[in-house]
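Treat the numbers as computed from the prediction; the structure is a model and nothing was measured. Numbered from 1 within each chain, the chains take letters A, B, ... in sequence-line order.
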2 protein chains.
Amino acid sequence: MTETTPSKLCDTPRNAVGRVGVLDISARLFREQGYGAVSLRKIAGAAGIKAASIYYHFGSKDEIVVAVLDRGIRVVHDSMRQAVSALPENTGAEAILRTAIQAHLRALLDLSDYTSANVRIFGQVPQPVRDANLPLRRAYEAEWDALLTRLRDDGALKRDVDIRRLRLMLIGALNATLDWFDPDRGSADALSRSYADVFLNGILQRQDT
Amino acid sequence: MTETTPSKLCDTPRNAVGRVGVLDISARLFREQGYGAVSLRKIAGAAGIKAASIYYHFGSKDEIVVAVLDRGIRVVHDSMRQAVSALPENTGAEAILRTAIQAHLRALLDLSDYTSANVRIFGQVPQPVRDANLPLRRAYEAEWDALLTRLRDDGALKRDVDIRRLRLMLIGALNATLDWFDPDRGSADALSRSYADVFLNGILQRQDT
DNA sequence: GCAAATATCTAACAACTGTTAGGTGGCTGG
DNA sequence: CCAGCCACCTAACAGTTGTTAGATATTTGC
């Protein structure tokens, strides 16, 4: 959740909040309250500093938001790629998809305020900010498209699926969990199993057994 | 899309915007730009009146938002209920589910700025406003739960599905289309067919034929 | 021990927000 | 023809927003 740039082992002023602290707090507040409800003074207050001090670390509010959004994508992208590439060579299509889904939901619901903040506020943010975040988003989407295309070409998925549409459906469905997921009612991993079950096999009772 | 209260057949001043006009414009702006980006002056400007004039029709901004949110749910609820209840008595489970999904997506993507505004801004709005909209939301969710429970008890769905979770997955997935759906790239009805296909049967290629 | 850098502070700005008070013109019922 | 209501107007308010300028304490490198 932290991942400080380890430039030097000792940050200079002893009790300083610093750029990373401001960013962490911003991500948490954006995730909890949305974009419009979080002012610079709110961020500063939660960090124990004054609003103007933020301008020592960032040139504008938008710069903070872009930094939060970008890292949100990086976290979930790394999480998904690493989980999939850690699988054994001969892993089946179903297990690959289940792993990717699990990694995405873990990053969104357990791992990172940045990823959840991204999903929550992306649609609320001014367009220049959205545009700045788009390249990283596109790269993550391309990773999913590549994975799904590979599975389809291996014959694991129905031949006629539209990859782009399937990816939009899948990620959209997973991201929507952020609106209602409650860690007290169930784990992210259990939830990811449910989603994999539905997407892989559907909900209809079958008469083939 | 309109549904004016038909109190009297002739609204008095000829070129008046009126309560309904303000509401229609608010819904459209909220759908297009989100909650935080739409001020009273923006609404008034789009309506061709001044901000203070809005207070003739509404007591506060929140009152407008609640009115928009409530009607958004009413539209999609009526649309779904009416579509399902118009089906012949002996309609199968699969066709019922497909119809409900289609009605929901139609209301969201084709029919109503109110429904799309609701889905877009519900998560951005202050909590008292959310709370005011909750009863109608709950009623719509209960309608879905009843439908899904009936299908499961008829043996059409897998016996072990959690109804509440399935409903959250389904409606969440459908609502997420609002972020990317482009009417120029495909119809809402075609999209609803894709969603029904995936939810009913999954995406895995089967070896049973 | 001193200069420099780091991370914060105070004070203020213009713009914008939702909201209120009170005034105005036109249509309608009697 | 006129009282009254409907739907709007102008003007202004207090509070909040992102942002800037300049001062200040603390730590570090030499």
query = Rounding to a whole Å, what distance do you find between A/Arg41:CZ and C/dC9:P?
reply = 13 Å
request  = Let me know the distance between CD1 of B/Ile49 and P of D/dC8, rounded to the nearest Å.
outcome  = 5 Å
ask   = From C/dT8, C/dC9, C/dG18, pick the nucleotide closest to the side chain of B/Tyr55?
value = C/dG18
query = Under 4.0 angstrom, heavy atoms only, what part of the nucleic acid is A/Ser53 near: base, sugar-phosphate, or nothing?
reply = base
ask   = Which of these nucleotides, D/dT19, C/dT6, D/dC8, is closest to any side-chain atom of B/Tyr56?
value = D/dC8
query = What integer distance in Å separates A/Ile43:CD1 from D/dT17:P?
reply = 11 Å
request  = Go through C/dA21, D/dG18, C/dT8 for me and flag the one nearest to the A/Leu40 side chain.
outcome  = D/dG18
inquiry  = Testing A/Val66, A/Val65, A/Ile73 one by one against A/Asn133 for a side-chain contact (heavy atoms from CB on, under 4.5 Å), which residue passes?
reply    = A/Ile73
note = Nearest-nucleotide check on DNA chain C, A/Arg19 vs B/Asp62; residue mapping nearer the 5' end is A/Arg19
ask   = Closer than 4.0 Å, any side-chain N/O of B/His57 to the OP1 or OP2 of D/dC8?
value = yes
inquiry  = Tell me whether the side-chain N/O atoms of A/Ser39 come closer than 4.0 Å to OP1 or OP2 in D/dT16.
reply    = no
Closest-nucleotide ordering on DNA chain D, the 5'-leading residue of A/Ala51 and B/Lys50 = B/Lys50
ask   = Over how many whole Å does the gap from B/Tyr35 atom OH to C/dT17 atom P extend?
value = 12 Å
ask   = In whole Å, what is the span from the CZ atom of A/Phe58 to the P atom of C/dT8?
value = 11 Å
query = What's the CD1-C1' distance between B/Ile54 and D/dC9, to the nearest Å?
reply = 13 Å
message = Please report the distance, rounded to the nearest Å, between NZ in B/Lys61 and C1' in D/dT16.
response = 13 Å
A/Tyr140/A/His104 under ring-ring contact (aromatic ring centres under 6.0 Å, His included): CA gap, chis, key distance, verdict = CA-CA 11 Å; A/Tyr140 182 51; A/His104 184 96; 5.8 Å; yes
ask   = Side-chain donor-acceptor pair under 3.5 Å between B/Arg98 and B/Ser192, yes or no?
value = no
task = Measure from the side chain of A/Ala16, starting at C-beta and using heavy atoms only, and say which of D/dA7, C/dT8, D/dT20 lies closest.
result = C/dT8
inquiry  = Closer than 4.0 angstrom, basic N to acidic O: yes or no for A/Arg164 and A/Asp145?
reply    = no
query = Are the charged groups of A/Asp78 and A/Arg81 less than 4.0 angstrom apart, N to O?
reply = yes
